[in-house]
Structure formats: C-alpha cells, structure tokens
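Beneath this line is the structure, given in structure tokens, with notes to follow.
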Amino acid sequence: MIILSRISSLKNPFKSTHTSSFIHNFVPTVDPSESLLYFLSLSVETQSLKLTQQCHAQVHRVGLTQHPLIAQKLIFSYSHFKHTDDSQLVFGSILLKSTHLCNNLLNGLAKNQLFSKSFELFRNMFVATSLPLADEFTFSIIFKTVGDFGDFLYGKMVHGRGMKNGFVLDTVVGNSLMTMYSKCGSIYDSLKVFDEMLYRNVSSWNAAIMCCANLNLDKENGFSDNNKLWEFVKGMQNEGLKFDAYTVSILLSLCEGDVKNGNWSKDLGYGRELHCYIVKNWLDLCSGSGSDAHLGCCLIDMYSKSGRVDVGRTVFDRLKYRNVFAWTAMINGYVCCGHYDEALCLFREMQWKDQLEPNKVSLVSVLPACSSFAGLIGGRQIHGFAIRRELNHEVSLCNALIDMYSKCGSLSNASLVFEYECIRKDAISWSSMICGYGLHGKGQDAMVLFDKMLQSGIKPDTVTVVGFLSACCRSGLMNEGIKIYDYVVNNYDIEPTLEMCACMVDMLGRSGQLDRALDFIKRMPVEPGPSIWGALVSASALHENSEMRDLAYKFLIQIEPENSSNYISLSNLYAASKRWDVVAEVRKTMKERGLRKLPGCSWITINSVTHSFLVADKSHPCSGIIYRVLDELGLAMKLYGHNTVSAYMMEVLE
DNA sequence: TTAGGGTTAG
C-alpha cells in the first residue's frame with residue numbers, strides 16, 4: 001500500500017501567520033536598508049514569499065523605494081517566487097534604471113519562461129532612451145533565454161548584435177552562446193563559436209562536450225558517432241584542464257550500460273573510472289554539502305541503468321545529504337530493474353524518514369511500480385496526491401497515469417485522464433491511450449484515436465505505430481493494420497523498427513498469409529530477430545503449416561540457442577502431433593545445454609495481501625474455486641469468443 | 001546580476 005503522508009510545509013517561521021511582528025522589531029535598528037537587504041536574502045533562503053512582501057511594505061514605509069540594491073533584491077525575490085508582475089511593478093517604479101537592474105528583471109522573466117517579455121525588454125534596451133545600454137551580462141542572459149526558447153534564427157540575429165557590440169569575446173558570453181546554438185540544434189554553429197573563442201575555460205570545454213552528447217550527431221557535418229565528443233574530452237586533458245563536477249556528470253550520463261546485460265566489466269568501464277575520479281577529487285561526496293547529491297544522482301542513475309542497482313543503493317546509502325532528486329533517482333533505479341517492492345518501500349521512506357515531499361518526477365517514477373506491483377489502489381493514491389498538489393495536468397504525469405490505469409484494468413479512468421486532465425497532449429499521451437485500447441482488445445477505439453491523432457497534426461513515432469499495430473493484431477483487424485503500416489512508413493518518414501516488423505509478420509501470419517510474411521521478412525530493412533521468427537512459428541502452427549514452422553524454428557534456435565522457452569514450445573508442438581522421437585531429441589538438447597525452464601509466476605494484491613501463483617499451482621487455499629472459475633471462463637470464451645468475455649471481465653473488474 | 005551538470009512518461 002502506498003502511503004502519502006500529509007507533510008506540512010518546510011518548518012519555517014516566516015510562513016506562519018503570527019510572525020508579522022518579527023520584521024517590525026528588527027527594522028528600526030541602525031540602518032534600515034541593511035536590515036531589509038538581510039531579510040530579503042533570508043526570504044529566498046527560507047522560501048518565504050510572505051517575508052518578501054513584508055520587506056516590500058517596509059521599503060515603502062521607510063522611503064527606500066529608489067534604493068538600487070533593494071530594488072534589485074526585490075525583483076530577484078519576486079521572480080524567485082514566480083511573482084513576475086510584482087517584479088515588473090518594482091522595476092517600473094525605479095526612476096533611474098541601471099543596466100544591472102535591467103539584467104535582473106531580464107533574468108527573472110527568462111527564468112519564469114516569459115520569453116516574449118524578455119525579448120521585448122532586450123529590444124527596448126537598444127531603442128528606448130529611458131533604458132540603459134546592454135552589457136556582457138545582458139548578452140549571456142539573452143543567449144540562455146533564446147536557447148531555452150529554441151529559436152535559431154532569432155539567436156543568429158542576437159549573436160550578430162552581440163558581435164557588433166564586442167560582447168561575444170567574453171568567455172562566459174561565449175559559453176552561453178555555444179549552449180544556445182546547441183539547444184537550437186546547430187552543433188556546427190556551437191563548435192564554430194568554440195573554435196573562435198579567445199579564452200576558453202573548463203566550462204567552454206564542457207559546453208562542447210555537452211553539445212556533442214545532446215545532439216543527434218549530424219552526419220552532414222562529419223560526425224557519425226561519439227568520436228568528436230571523446231576528441232573534446234582528450235583535448236581538454238591535453239590542455240592541462242581538470243574535469244570538474246559538470247564534466248563528470250555529463251560523462252556519467254553517457255556511461256549507461258545495458259540493463260538486461262548487466263555485465264560489470266563490459267558495461268561499467270568508464271562509469272567506474274569516473275566514480276573513482278569523483279572519490280579521488282571530491283572526497284566530500286558524502287560530506288553533506290548540497291552539491292554532492294548532484295553527482296550522487298548521476299552515479300545512482302548510471303549504476304542502475306547498467307543493471308547494478310545494488311551498487312547504486314550503496315552510493316545512495318552513503319550520501320549524507322539526500323534531496324528529492326537523490327531519492328527519486330534511487331526509486332527510478334529500482335523501477336528500471338524491476339524491483340518494484342523496493343521502489344515502493346523507498347517511496348514511503350522518503351516521506352517519513354527524510355520528511356521530503358515527492359515531486360512530479362517522483363510520482364512519474366513510482367507509477368510503473370503500481371502498474372506492476374501495488375495495483376489500482378496505490379495508483380489511485382498517487383493520482384489523488386497529484387490532484388491535491390495541482391500536478392495532475394502535467395503532461396508527463398498524465399501519461400504515466402494513463403498507462404497505470406490501463407495496465408491496472410481501468411480503461412475508463414485512463415480515458416478520463418486522457419480526455420479531461422491531460423490538457424496539452426503530446427505524442428506519448430496519444431500513444432499511451434492507443435496502447436491502452438489495444439491492451440483491452442478495443443482495436444476499433446484504437447483506430448479512431450489513431451486517426452484523431454493524425455488529424456490533430458501530432459506526428460506518430462515508432463512506439464505509437466507499434467502500439468496501434470498490436471491493437472489491430474489483438475482485435476483481429478489485420479488488414480487495417482497492414483494498410484496503416486504502409487501508410488505511416490511512406491507518409492511520416494518512420495524507419496521500420498524490429499518491433500514494427502514483428503507486428504507485421506504477426507498480422508500477415510495470423511491472417512494466413514504465411515508466404516507473404518516470409519517475403520516481408522526477406523525484404524525488411526532490419527535484421528530479423530527472435531520476435532520475428534517467433535511470430536512466424538506461432539502463425540505457422542496456427543495454420544498447420546509444418547514446413548514453414550520448421551523453417552522458422554531453425555532460425556529461432558540459431559539466433560537464441562540459450563532460450564529454454566523456444567525448446568519447450570517446440571517440444572510441445574511435436575508432442576501435440578505425437579512425434580515423441582522429436583520431443584525426446586529436443587529435451588536431450590536442452591539437457592546437454594544445461595537449459596531449464598523457469599516456471600511462470602503471476603500475482604494479485606487483494607486487501608493489501610499479495611497472492612502469487614506458479615504454473616499448475618494448487619497450493620492456494622482457494623485453489624478449488626479459482627480453477628472452477630477458470631474453467632467456466634474458458635468455456636465462455638469458447639462459446640462467445642475471447643473478445644466478448646475479456647470486455648465483460650474488464651467491466652466487472654472496474 | 002551572466003553560462004554549463006541530477007530524478008520522469010507510451
């Protein structure tokens with residue numbers, strides 16, 4: 001069961017309604033401006049908007065409205081609390097505006113993503129006589145803003161203006177400019193700035209490394225792999241510059257190994273080296289300062305995604321300062337490795353042990369654990385918590401909720417989130433809902449939604465297509481699926497993936513077009529894997545084509561000689577046709593190769609008690625009634641068709 | 001007052 005404690009806000013005296021006398025007692029000391037500056041800094045530190053507002057009132061009371069430093073602090077504080085109207089009000093009231101003050105407001109507007117207002121203020125600094133001229137600080141802020149906004153052409157224009165004024169020669173401005181181009185998708189322009197810089201610091205190299213890491217390296221510019229990135233890493237070392245925490249965190253994100261493989265020596269080469277580097281150079285990783293949690297997160301993430309969540313946990317346990325990011329990284333690590341119980345445990349601990357409130361990402365991270373382990377009750381609790389915190393319209397959270405509800409059997413709730421809570425739907429929202437319909441055997445609904453998605457101008461990606469094709473496949477809409485495959489590949493510039501091709505083979509095969517399926521395999525643009533041959537095996541068995549089945553098996557065993565499931569299903573097939581000689585041969589091969597089939601396991605949680613079942617397991621006290629219901633369902637499926645019965649059961653469960 | 005690194009969804 002998920003527990004979301006009702007955590008009170010930070011234990012902060014300034015959030016109390018009874019503290020208004022505090023500032024009155026303090027201000028009339030030697031210099032009121034000093035006191036006010038102190039309190040304004042304190043208001044940000046303690047996250048108290050109320051204190052900022054009290055300071056503002058005092059500023060008026062003691063007649064310090066034109067004090068430049070106080071005005072700057074007020075603008076900064078109000079921007080910090082997202083009260084940008086008040087920031088602009090303070091700015092407007094200052095008669096003699098300095099460049100510093102303008103930069104302050106510009107920064108505040110940009111941090112609140114008020115892009116058009118930021119650009120307007122920037123433009124006015126060049127045309128309005130009432131405003132001072134821009135400086136290098138103005139340009140580093142505006143380059144960052146343009147990067148966040150992602151407007152390459154506007155960025156080019158501002159770059160030209162910066163060059164004209166000579167500010168681009170400044171190292172910080174140059175770094176900011178590099179990042180702007182990187183975020184706008186132009187690796188070429190970013191690295192050109194780097195090449196032309198007069199003085200480069202560690203941050204300049206980091207920006208170049210980040211640029212290579214972030215972008216899909218553009219083959220036209222001659223970068224087809226990570227070589228360019230490692231050139232920068234080496235170049236930095238050749239210049240005698242040491243990695244800083246930023247360098248290490250960027251590199252750690254590139255060291256994620258294959259979760260399924262989880263081979264320590266193969267996957268963790270660079271990751272472990274970087275961990276050693278951190279220990280050697282930042283011995284205070286565990287010292288309790290705020291910054292160590294940052295690298296701690298990167299390490300936890302790297303180890304978890306390399307299949308070594310246990311090492312990630314050791315890093316986590318040794319951190320003395322654990323913020324919400326560190327807890328979320330650890331929860332997510334457990335979810336990624338399928339340790340859902342651990343993830344849910346940690347989610348509770350984070351709240352009662354460290355008194356930390358989960359953020360949007362924590363909720364998104366823990367929701368898959370509900371889908372797989374805690375069930376609908378846990379998922380509903382998370383949803384309720386999100387509504388109380390007004391996070392339920394966040395698109396990523398909505399998407400995770402749609403997925404959770406679908407997988408927990410509540411398609412109606414998934415649909416409600418999709419229709420009414422997910423205001424700004426993205427491709428993932430549409431895909432999640434389409435997959436939900438597919439999962440519940442509602443192929444027609446999936447088709448309608450897919451059509452709506454295309455009508456809305458949202459471009460489907462490979463996951464959408466796979467979700468849609470498997471929905472068609474599950475609902476017997478094979479011809480419709482085959483038609484759509486051709487349509488999206490030809491009209492949406494989608495490169496067929498292995499999963500898409502497997503759906504196609506499945507659909508062609510199930511509809512009895514086995515020769516066409518084999519022809520598709522021969523022509524498909526990706527190397528056929530086990531899912532392809534597996535689909536052909538099933539379809540050949542379904543349509544009793546032993547020649548095609550044997551051919552598909554030959555390839556399947558060739559690709560996956562160590563997968564016991566392949567041998568078991570082969571053995572079962574031959575057993576069904578009483579070919580005991582082949583059955584014995586297959587079993588012998590399995591024995592020789594040391595392969596054993598792990599029994600399948602499923603579980604269900606009812607009233608906080610989890611009941612698990614193995615194949616043919618009759619150890620449960622209610623085993624008798626369970627098997628009786630199963631037999632009845634099997635019979636009903638034969639009589640009325642599995643789609644009808646599944647849809648009925650889903651309705652009953654909801 | 002300026003740049004860069006952390007956890008997220010199908």
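Letters A, B, ... are given to chains in the order of the sequence lines, protein chains preceding strands, and every chain is numbered from 1.
Contacts of A:D148 with the nucleic acid, taken as non-hydrogen atoms under 4.0 Å apart, are absent. Counting any heavy atom pair closer than 4.0 Å across all strands shown, A:D403 reaches sugar-phosphate atoms only and no base atom. Residue-level contact check: A:N104 touches neither bases nor backbone, having no heavy atom under 4.0 Å from any strand.
Scanning atom types as modelled, one donor and one acceptor separated by under 3.5 angstrom connect the side chain of A:D461 and the base of B:dG10. Side-chain atoms of A:D244 come within donor-acceptor range of the base of B:dG4, with a qualifying N/O pair under 3.5 Å. Side-chain atoms of A:S176 and base atoms of B:dG4 include no donor and acceptor less than 3.5 Å apart.
Here B:dA9 is the nucleotide among B:dT2, B:dA9, B:dT1 with the atom lying nearest to any side-chain atom of A:S396. Residue A:I428 has its side chain nearest to B:dG10 when only B:dG5, B:dG10, B:dG6 are considered. In the set B:dG5, B:dA9, B:dG10, B:dA9 carries the atom at the smallest distance from any side-chain atom of A:V395. Checking B:dT7, B:dG5, B:dA3 against every side-chain atom of A:A329, the shortest atom distance belongs to B:dT7. Distance from the side chain of A:S203 is smallest to B:dG4 among B:dT2, B:dG4, B:dA9. When the nucleotides B:dG5, B:dT7, B:dG10 are ranked by their closest atom to the side chain of A:V361, B:dT7 comes out on top. Listed nucleotides B:dT2, B:dG5, B:dG10 differ in distance to A:S140; the shortest reach to its side chain belongs to B:dT2. Picking from B:dG5, B:dA9, B:dA3 the nucleotide with the shortest atom distance to the side chain of A:V364 gives B:dA9.
Rounded to a whole Å, the NZ atom of A:K305 is 10 Å from the C1' atom of B:dG6. In this entry the distance linking OH of A:Y181 with P of B:dG4 reads 16 Å, nearest Å.
Ring stacking holds between A:F137 and B:dT1, with the centres under 5.5 Å apart and the planes within 30 degrees of each other.
Within the structure, salt bridge (Lys or Arg N to Asp or Glu O under 4.0 Å) contacts touching residues 408-432 of chain A (residues at least two apart or in different chains) do not occur.
Listed by chain and residue number, A:D189 satisfy the salt bridge (charged side-chain N to carboxylate O under 4.0 Å, His left out) test with A:K156 (two or more places apart in sequence, or in another chain).
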